[in-house]
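The shown structure was predicted, so the numbers you read here are calculated from the model rather than taken from an experiment. We number each residue from 1, following the sequence as shown.
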Amino acid sequence: QKLKRFCFCFFVIVLRNEVTCTPPLCMVALDHYFDRGISPRSLKHTIYEQKPCISRFLSLKYMKKKTTTTTENSEESLGTFSDLGLSEATLAAIIQKGFTVPSPIQAGVIPLLLQGEKDIIGQAQTGTGKTAAFALPLLDLVDPNKSEIQAIIMVPTRELAIQVSEEIQSFTNAAKVSVQVIFGGNPINNEIKGIKKRPTIVVGTPGRIQHHIRTSVLKLGTVKYFILDEADEMLNVGFRKEIESILELTPKHRRILLFS
């Protein structure tokens, strides 16, 4: 009975915080950015669009000054994939997959990731091609000739880890980019062998990523792109400390991409 009462009170508190804490969380993020001299006008759209957990993450020290939010807008003219700045090899892979017109999240994210050094926050409904939105430009940005881990993609579940890794691999025929997936329940010896081969991209769940870091198998000193897929879900279920500890091990100049 005590346990039931505790669980009930806990979920009531969580629910109340989730519903009522949005304005305070937004103000924390705004105060953080104002202290760093960032224009309120450039942040208005960013903070307004974010879910509470994303706003909470924005208040951390990890996000760079120039953070861009992309949101879905079906009324805009999306053009074609060839208008987004992707390489011929990647465009050929897209055609082979049967894609013709980019979705709004793809049209918004791909050019931003290919240009400059901005961190990116992307929001779109499930099934709108979020994985391809970061996977396609990522394949153009990494160097497959370098034997080092250049991108790490963190996801909340093993099912999503498999799905994301398979989606990326489906575009890598021409790029020859190696992808290693790691998650709880997967044969750990196979993962260790794969990581020691220094894949270009690692996709994994927070717990398994931390395990390989603790055992000195996975080292993140060469990571240039740190991607959180379903970031809101990971933060909501309590992976914030894991995300922070893993981020601390990546270079300061790496780029962060959050998708929800």
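Residues P137 and A132 come closest through the heavy atom pair CD-O, 3.9 Å. When all heavy atoms of A161 and V203 are compared, the pair lying nearest together is O-CG1, 3.7 Å. Closest non-hydrogen pair, G194 versus P199, comes out as O-CD, 3.3 Å. Closest approach of V179 and S165 over heavy atoms only: CG1-CB, 4.1 Å. Of all heavy-atom pairs between Y225 and V223, the closest is O-CG1, 3.4 Å. A pairwise comparison of heavy atoms in L220 and I246 identifies CD1-CG2, 3.6 Å as the closest pair.
Considering CD1 of I192 and CD1 of I182, their distance stands at 10.5 Å, rounded to 0.5 Å. T250 OG1 to K219 NZ: the interatomic distance, rounded to the nearest 0.5 Å, is 16.0 Å. Atoms CG and CD1, from L113 and I110 in turn, are 8.5 Å apart once rounded to the nearest 0.5 Å. A distance of 8.5 Å separates CG of L257 from CZ of F134, quoted to the nearest 0.5 Å. To the nearest 0.5 Å, atom CG of residue D140 and atom OG of residue S87 are 3.5 Å apart. From M154, atom CE reaches atom CG of L160 across 12.5 Å, with rounding to the nearest 0.5 Å.
Among residue pairs with one or both ends in residues 189-209, those qualifying as salt bridge (charged side-chain N to carboxylate O under 4.0 Å, His left out) are E191-R208; sequence neighbours excluded. Listed by first then second residue, pairs satisfying salt bridge (charged side-chain N to carboxylate O under 4.0 Å, His left out) with a partner in residues 120-139 read K130-E230, not counting sequence neighbours. Sorted by first and then second residue, the pairs that involve residues 158-171 and meet salt bridge (charged side-chain N to carboxylate O under 4.0 Å, His left out), not counting sequence neighbours, are K97-E167.
Partners of N190 by side-chain hydrogen bond (donor to acceptor under 3.5 Å, both in side chains), not counting sequence neighbours: none found. Every side chain to side chain contact (heavy atoms under 4.5 Å, CB included) that D143 has, sequence neighbours left out, goes to N145, K146, Q150. Every residue meeting the salt bridge (charged side-chain N to carboxylate O under 4.0 Å, His left out) condition with E148, not counting sequence neighbours, appears here in chain and number order: K224.
Under the 4.5 Å side-chain criterion, counting only non-hydrogen atoms from C-beta, I201 is not in contact with S178. Inter-residue side-chain proximity for E233 and S260 is flagged as unmet; no heavy-atom pair is nearer than 4.5 Å. The side-chain heavy atoms of V164 and D229, taken from C-beta on, include a pair separated by under 4.5 Å. Counting heavy atoms from C-beta outward, L228 and V155 have side chains that stay 4.5 Å or more apart. Side-chain contact between D119 and L258 is absent, with no heavy atoms from C-beta onward closer than 4.5 Å. Between E244 and L247 there is no side-chain heavy-atom pair separated by less than 4.5 Å.
The closest donor-acceptor contact from the side chain of T215 to the backbone of H211 lies under 3.5 Å. Side-chain N or O atoms of N186 include none that pairs as donor or acceptor with a backbone N or O of F183 at under 3.5 Å. Proximity of a side-chain donor or acceptor of T90 to a complementary backbone N or O of L86 within less than 3.5 Å is not detected. Listed for the T200 side chain is no donor-acceptor partner under 3.5 Å among the backbone atoms of V177.
In the hydrophobic clustering of this structure, I162 does not group with I227; members are Ile, Leu, Val, Met, Phe, Trp, Tyr whose side-chain heavy atoms approach within less than 4.5 Å, directly or through other members. By the criterion of side-chain heavy atoms lying less than 4.5 angstrom apart, applied directly or through intervening Ile, Leu, Val, Met, Phe, Trp or Tyr residues, I95 is not grouped with F81; the two fall into different hydrophobic clusters. Neither V181 nor I188 shares a network with the other; the hydrophobic side chains, linked directly or stepwise wherever heavy atoms of I, L, V, M, F, W or Y lie under 4.5 Å apart, form separate groups for each.
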Test log, rule side-chain contact (heavy atoms from CB on, under 4.5 Å), inputs T205 and T157 | CA-CA 6 Å; T205 52; T157 66; 5.5 Å; no
Report the C-alpha separation of I121 and F259 in whole Å, then their side-chain angles, then the decisive distance to 0.1 Å, and conclude whether the side-chain contact (heavy atoms from CB on, under 4.5 Å) test is met.
-> CA-CA 6 Å; I121 301 171; F259 289 89; over 6 Å; no
